[in-house]
Amino acid sequence: MSQDFEAASAEASRLLSDHWRALARQEPPVFPDLSPGSLLSSLPAAAPEEAEPLADLLEDTWNLVVPGLVHWQHPAFLGYYPTNNSPASVLAELVTAGLGVQGMMWATSPAATELEQVVTDWLAKALGLPEGFCHSSGTGGGVIQDSASSAIVVAIAAGLHRVSRGRWRATGLRGCRPLLYCSDQANSCVTKGSRVTGLGEPRIIPRTPGTRQLDPHALEVQIAADRAAGLLPAVVVATVGTTGTCAIDSIEEIGRVCRREDVWLHVDAAYAGSAALCPEFRYVNDGVGLADSYAVNAHKWLRAGNPSDVLWTTDRASLTGALGITPPYLHHPATESTGVVDFRDWQIPLGRPMRALKLWYVIRAHGLRGLRSVIRHDVRMATLFADLVDQEEGFHLEAAALGLVVFRRTTDEATQTLINRLRSDHSILCTPDIVDGRRVVRAAFGSPYTTPESVRRTWETIRSHT
Ligand code: PLP
């Protein structure tokens with residue numbers, strides 16, 4: 001079996017390297033021209049009884065599965081926000097899987113836990129987060145989650161625990177209505193997090209007039225009204241880089257309101273937070289010292305493959321107070337010494353893979369300098385594209401920030417026609433959206449293979465569909 005693995009993993013590396021080279025040449029279409037059910041009908045309905053060689057599995061992957069994939073690493077993949085990766089990330093995933101450890105607590109793999117403490121501290125410092133977000137502070141620290149959505153659920157739990165002085169965990173919050181606040185630009189995962197934690201629909205705070213940012217004054221007024229009505233303001237979620245237009249909420253002003261009101265502030269910086277690696281973009285995090293928790297998806301812009309979200313808090317006692325639980329089978333002298341971190345108490349699931357190796361490899365293989373180059377390159381590519389859009393008659397630039405460009409045609413009908421034509425083209429993928437009541441197209445730049453030539457080619461394709 002292990003000889004079979006050696007040969008097959010060498011072959012997988014070769015196939016992947018060829019695949020990446022083909023993406024760089026923009027050879028395959030970004031998304032397949034398939035009808036639903038194509039793969040369903042080409043696979044057997046029941047699992048094989050007999051063992052099959054690993055080489056056959058690889059062959060079937062490339063013949064049956066890869067042709068049915070959307071190529072998120074393709075330079076003409078401009079949808080959603082990027083989910084990019086890198087050879088270092090892929091290698092780390094292979095090694096992580098091979099070592100197969102489960103790092104739910106320090107005692108179940110001490111090095112997995114300590115590596116995560118070190119790497120999340122490294123990244124906090126590199127992003128310019130205050131010392132209070134580091135494990136080395138003794139009161140805060142980072143933890144790698146699978147997604148920004150999970151990070152929000154964890155942050156809400158910590159916030160509820162703190163604002164209810166532990167009642168949330170002990171007896172639930174019967175007879176009291178806790179509330180979560182965000183703007184209408186917050187990602188849908190904020191609403192989902194609010195629902196799954198029993199808070200129901202979030203309170204939507206209006207925007208500061210003329211902007212797409214949450215209005216801190218309106219927030220303060222709403223919190224006061226809710227308190228006067230006997231409700232419990234619990235958590236505010238601010239966004240650094242909204243999904244629609246990459247708007248940046250003012251964490252500084254929102255943070256001051258949250259401090260005055262004793263409400264937990266979580267900052268969802270899933271996409272744009274990574275930009276803070278570069279001094280010229282560090283403004284995105286202004287005021288972050290007033291936040292209680294902050295999360296970035298390293299899998300969006302730091303070349304760590306999905307999943308890799310890093311959540312930091314300055315108040316680890318509230319987080320572990322909310323989620324900590326120790327049945328007899330998890331008792332361990334190391335935990336009781338309280339000198340160690342048990343990441344099971346920092347997340348919803350009990351078990352967890354060794355999550356830190358991927359970030360450790362990615363950071364070391366690129367260096368912070370290399371990761372800054374990634375961010376700067378993508379911003380340059382987006383700027384080049386935005387300039388092309390801006391110069392073209394019949395196109396309007398709705399927003400351009402960091403790696404995201406949002407544009408439309410003069411009328412909704414013309415924008416929809418463009419969207420329909422792009423959908424049948426398959427050589428580029430953009431995401432349609434509605435911003436301020438108008439149909440728009442989002443183009444987010446983040447593929448490892450984007451070049452000025454690929455940007456110009458993408459733009460010519462879009463123009464050809466008008
Ligand atoms: N927050 C923002 C601003 C996003 O843009 C997204 C997804 O693109 C998310 C959260 C959700 O991220 P995840 O898929 O990691 O839950």
Side-chain angles (χ1 to χ4, degrees), residues 70 72 77-85 89 123 127 142-157 180-197 202 204 207 212-214 235-251 254 265-276 281 284-285 288 291 293-312 347-349 352 355 358-359 375 378 382 399 401-406 429-435 440 442-447:
V70 174
W72 284 66
F77 180 95
L78 310 171
Y80 313 96
Y81 272 133
T83 294
N84 57 31
N85 68 17
S89 164
L123 194 55
L127 293 172
V143 53
I144 306 176
Q145 307 274 333
D146 58 358
S147 63
S149 306
S150 299
I152 282 175
V153 171
V154 166
I156 295 172
L180 180 143
Y181 303 79
C182 61
S183 88
D184 65 345
Q185 301 295 293
N187 186 266
S188 59
C189 71
V190 180
T191 298
K192 195 187 266 189
S194 186
R195 289 181 188 161
V196 302
T197 50
I204 301 297
R207 309 177 199 174
R212 296 185 176 112
Q213 300 166 303
L214 185 152
V235 178
V236 172
V237 179
T239 309
V240 165
T242 59
T243 311
T245 61
C246 200
I248 314 272
D249 285 337
S250 168
I251 314 175
I254 296 170
L265 174 59
H266 176 72
V267 177
D268 173 17
Y271 167 69
S274 300
F281 301 130
V284 301
N285 281 344
V288 71
S293 53
Y294 177 96
V296 157
N297 276 358
H299 62 247
K300 277 188 165 42
W301 215 0
L302 293 183
R303 300 274 166 95
N306 197 0
S308 187
D309 167 278
V310 189
L311 167 71
W312 289 273
Q347 60 173 24
I348 305 299
R352 65 201 318 269
R355 293 221 162 102
K358 186 161 55 180
L359 263 184
I375 305 275
D378 292 343
L402 299 175
L404 179 69
V405 182
V406 185
L429 191 153
C430 296
T431 313
D433 197 5
I434 294 182
V435 168
V440 297
R442 289 172 76 267
F445 292 81
S447 153

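All heavy atoms count here, side chains included; hydrogens, waters and symmetry mates do not. Numbers for residues simply follow the sequence, beginning at 1. Whatever order the structure lists them in is the order used to number ligands and atoms, beginning at 1.
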The protein heavy atom nearest to atom 11 (C) of ligand 1 is Asn187 OD1, 3.7 Å

Within 4.0 Å of some non-hydrogen atom of Asn297, the atoms of ligand 1 are 12 (O), 13 (P), 15 (O)

Any N/O pair Asp268/ligand 1 closer than 3.5 Å: yes

Short version for Asp146: what comes under 4.0 Å of ligand 1, heavy atoms counted, is neither

On a heavy-atom basis, the closest approach of Gly446 and Asp378 is CA-OD2, 3.5 Å

Under 4.0 Å from one or more heavy atoms of Tyr81, ligand 1 contributes atoms 5 (O)

Q | side chain to side chain donor-acceptor pair (under 3.5 Å) between Thr83 and His299, intermediate numbers included | A | CA-CA 5 Å; Thr83 294; His299 62 247; 5.1 Å; no

Atoms of ligand 1 under 4.0 Å from any heavy atom of Ser147, numbered from 1 in the order shown, are 13 (P), 15 (O), 16 (O)

Taking every heavy atom of Gly273 against every heavy atom of Asn285, the minimum-distance pair comes out as O-ND2, 4.4 Å

Ring centres of Trp301 and Tyr81 under 6.0 Å apart? no

Problem set entry | Worked check of side chain to side chain donor-acceptor pair (under 3.5 Å) between Asp146 and Ser150 | CA-CA 7 Å; Asp146 58 358; Ser150 299; 2.5 Å; yes

In this structure, atom 13 (P) of ligand 1 is nearest to the protein heavy atom Ala148 N, 3.6 Å

Correct closest heavy-atom pair for Phe281 and Ala275 would be CB-O, 3.3 Å

If you scan protein heavy atoms around atom 7 (C) of ligand 1, the nearest is Lys300 NZ, 3.2 Å

Q) So His266 and Ile156, side chain to side chain contact (heavy atoms under 4.5 Å, CB included) or not? Walk me through it. A) CA-CA 8 Å; His266 176 72; Ile156 295 172; over 6 Å; no

Ligand 1 to Thr243, heavy atom cutoff 4.0 Å, flagged ligand atoms 2 (C), 3 (C), 4 (C), 5 (O)

In ligand 1, the atoms that come under 4.0 Å of a heavy atom of Ser149 are 13 (P), 16 (O)

Notebook entry, point to check: Is there a donor-acceptor contact under 3.5 Å from the side chain of Ser308 to the main chain of Ala298?
Noted result: no

Here the atoms of ligand 1 under 4.0 Å from any heavy atom belonging to Gly241 are 3 (C)

The atoms of ligand 1 lying under 4.0 Å from a heavy atom of Ala270, numbered in the order shown, are 1 (N), 2 (C), 10 (C)

